[in-house]
Number of protein chains: 2
Amino acid sequence: MATTTAAQRRAARKHDYDAYLAACPSRQLLERISNKWVVLVLTELGDGPARYSEIARVVAGVSQKMLTQTLRNLERDGMVHRDIEATVPVTVTYSLTELGSSLLKVMGQLKLWAEDNMPEVIAARGRYDGM
Amino acid sequence: MATTTAAQRRAARKHDYDAYLAACPSRQLLERISNKWVVLVLTELGDGPARYSEIARVVAGVSQKMLTQTLRNLERDGMVHRDIEATVPVTVTYSLTELGSSLLKVMGQLKLWAEDNMPEVIAARGRYDGM
DNA sequence: CAGCATCCTGGAAGATACTG
DNA sequence: CAGTATCTTCCAGGATGCTG
């Protein structure tokens, strides 16, 4: 039997979306989620619901603007739930939705991968730069 | 027994790196790899070795500059191997290294996740915007 | 506390032209 | 073919100040 090409395999997929295509919505979604703040915020929320200030503390170096923007986008895209308690001052708690949890399964691995493979990457850089 | 906090769990990990910290090298690595071009190039190379122009064709919309830059960074970080054949004109073939393959296991899922969950995200946006 | 509004800058990224 | 070099634009993202 003939070897299938990558293009054929893609065409055979059940998806209607293909992130290889610049105009495909999934390409924009990929752009959205392949972002360090998304990885870090999602990972933090994976440890359980957290308040705005807690997230800001754990995800060191994030500005309010970026944190709010990331949170809003994640909420809009259905990955994060925002719960507002009408205390004084207000208490806002963020948590993962089902969709967010499924994304975290992938994203969380990305953070772990970076941490686990740092030594190998450093070694590779040494080799590359020393040539 | 007491509930462990997220901070305690992190401290108990065997890693020397923690991407939550802004200054940690793994944070920079995370920034590097959480990038749409990295996802797309790595995924394409997952289908087997490919030449520069093949990658450029499959990954629609990437400029030479971005493609070269992405490829160089991936090579330097030990995820991609660059093979130059001294034909005229030269033939350059890129392929995944072991490290690159292990990263692809995570990254590839990211592209698939975006394609698979696009309908859900669109629905969530409709809900959010209609409020 | 959990934001929003505004201003501003560095660097990511596109366009274009050239080459071994 | 597989880049490099240069110019330019654009906006992500930081800083700052204010508020329900």
Side-chain angles (χ1 to χ4, degrees), chain A residues 19-23 27-42 44-45 49-77 80-95 128 131, chain B residues 19-23 27-41 44-45 49-77 80-95 128-129 131:
Chain A
Y20 279 136
L21 307 175
R27 170 78 151 253
Q28 267 80 50
L29 180 58
L30 184 62
E31 270 173 76
R32 261 280 154 72
I33 63 182
S34 58
N35 170 309
K36 61 175 170 173
W37 299 131
V38 171
V39 179
L40 295 172
V41 167
L42 238 49
E44 159 62 7
L45 290 180
R51 298 176 57 179
Y52 185 89
S53 51
E54 294 176 325
I55 304 173
R57 197 178 336 108
V58 172
V59 181
V62 67
S63 64
Q64 296 123 328
K65 184 183 166 183
M66 280 303 100
L67 183 52
T68 300
Q69 192 175 107
T70 302
L71 251 7
R72 283 293 174 286
N73 284 150
L74 288 175
E75 188 194 1
R76 185 170 112 93
D77 288 351
V80 156
H81 177 67
R82 183 162 174 264
D83 192 52
I84 308 140
E85 226 182 315
T87 52
V88 178
V90 297
T91 305
V92 180
T93 307
Y94 292 92
S95 56
Y128 186 92
M131 291 192 309
Chain B
Y20 279 136
L21 307 175
R27 170 78 151 254
Q28 267 80 51
L29 180 57
L30 184 62
E31 270 173 76
R32 261 280 154 72
I33 63 182
S34 57
N35 171 310
K36 62 175 170 174
W37 298 130
V38 170
V39 178
L40 296 172
V41 167
E44 159 62 7
L45 290 180
R51 297 175 58 179
Y52 184 90
S53 51
E54 294 175 327
I55 304 173
R57 196 176 338 106
V58 173
V59 181
V62 67
S63 63
Q64 297 118 330
K65 184 183 167 185
M66 280 302 100
L67 182 53
T68 301
Q69 193 176 104
T70 302
L71 251 8
R72 284 292 175 287
N73 285 149
L74 288 174
E75 187 194 1
R76 184 169 113 95
D77 288 351
V80 155
H81 176 69
R82 182 162 174 264
D83 192 53
I84 307 140
E85 225 182 316
T87 51
V88 178
V90 297
T91 305
V92 180
T93 306
Y94 292 93
S95 55
Y128 185 92
D129 294 340
M131 291 191 310

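Side chains are part of it too, since the values below use all heavy atoms of this structure and drop only hydrogens, waters and symmetry mates. Proteins come first, then strands; the chains are lettered A, B, ... in the order of their sequence lines, and each starts at number 1.
- Residues A:Asn73 and A:Val38 are not in side-chain contact: their nearest non-hydrogen atoms beyond the backbone lie 4.5 Å or more apart.
- Atom CG of B:Leu67 is separated from atom P of C:dG14 by 11 Å (rounded to the nearest Å).
- Listed nucleotides C:dA2, C:dG3, D:dA2 differ in distance to A:Gln64; the shortest reach to its side chain belongs to C:dG3.
- Both A:Tyr94 and A:Lys65 sit near DNA chain C, but only A:Tyr94 has its closest nucleotide nearer the 5' end.
- As rounded to whole Å, 16 Å separates atom C1' of C:dG3 from atom CG of A:Asp83.
- Between A:Tyr20 and B:Glu44 the shortest side-chain heavy-atom distance falls below 4.5 Å.
- Here D:dG14 presents its P atom at 9 Å from CD of B:Glu31, a figure rounded to the nearest Å.
- At least one side-chain heavy atom of B:Thr68 sits less than 4.5 Å from a side-chain heavy atom of B:Tyr52.
- With C:dA2, D:dG3, C:dG20 as the candidates, the nucleotide lying closest to the side chain of B:Val90 is C:dG20.
- For the pair B:Ile55 CD1 and D:dA2 P, the interatomic distance rounds to 9 Å; values are reported in whole Å.
- In terms of phosphate contacts, A:Arg51 brings no side-chain nitrogen or oxygen within less than 4.0 Å of OP1 or OP2 of C:dC1.
- Computed from coordinates, the B:Trp37 CH2 to C:dA12 C1' distance equals 12 Å when rounded to whole Å.
- In this structure the side chain of B:Val41 reaches within 4.5 angstrom of the side chain of B:Leu74, judged on heavy atoms.
- Straight-line distance from the CE atom of B:Met66 to the C1' atom of D:dG3: 14 Å, rounded to whole Å.
- Considering every non-hydrogen atom in both A:Leu30 and A:Ala19, the closest pair reads CD2-CB, 4.1 Å.
- In this structure, B:Arg32 does not reach the C:dA12 phosphate: none of its side-chain N or O atoms is under 4.0 Å from OP1 or OP2.
- In this entry the distance linking NZ of B:Lys36 with C1' of C:dG14 reads 11 Å, nearest Å.
- In terms of position on DNA chain D, the residue among B:Thr93 and A:Gln69 whose nearest nucleotide sits closer to the 5' end is B:Thr93.
- For C:dC1, neither phosphate oxygen OP1 nor OP2 lies less than 4.0 angstrom from any side-chain nitrogen or oxygen of A:Thr91.
- The nearest whole Å value for the distance from the CG atom in B:Leu71 to the C1' atom in D:dT4 is 15 Å.
- Contact annotation: B:Arg72 side-chain N/O to D:dT4 OP1/OP2 distance is under 4.0 Å.
- Distance from the side chain of A:Asn35 is smallest to D:dG13 among D:dG14, D:dG13, D:dG3.
- Between A:Thr68 and C:dG3 there is no side-chain N or O to OP1 or OP2 distance below 4.0 Å.
- Of the side-chain N and O atoms in A:Arg82, one or more sit less than 4.0 angstrom from OP1 or OP2 of C:dG3.
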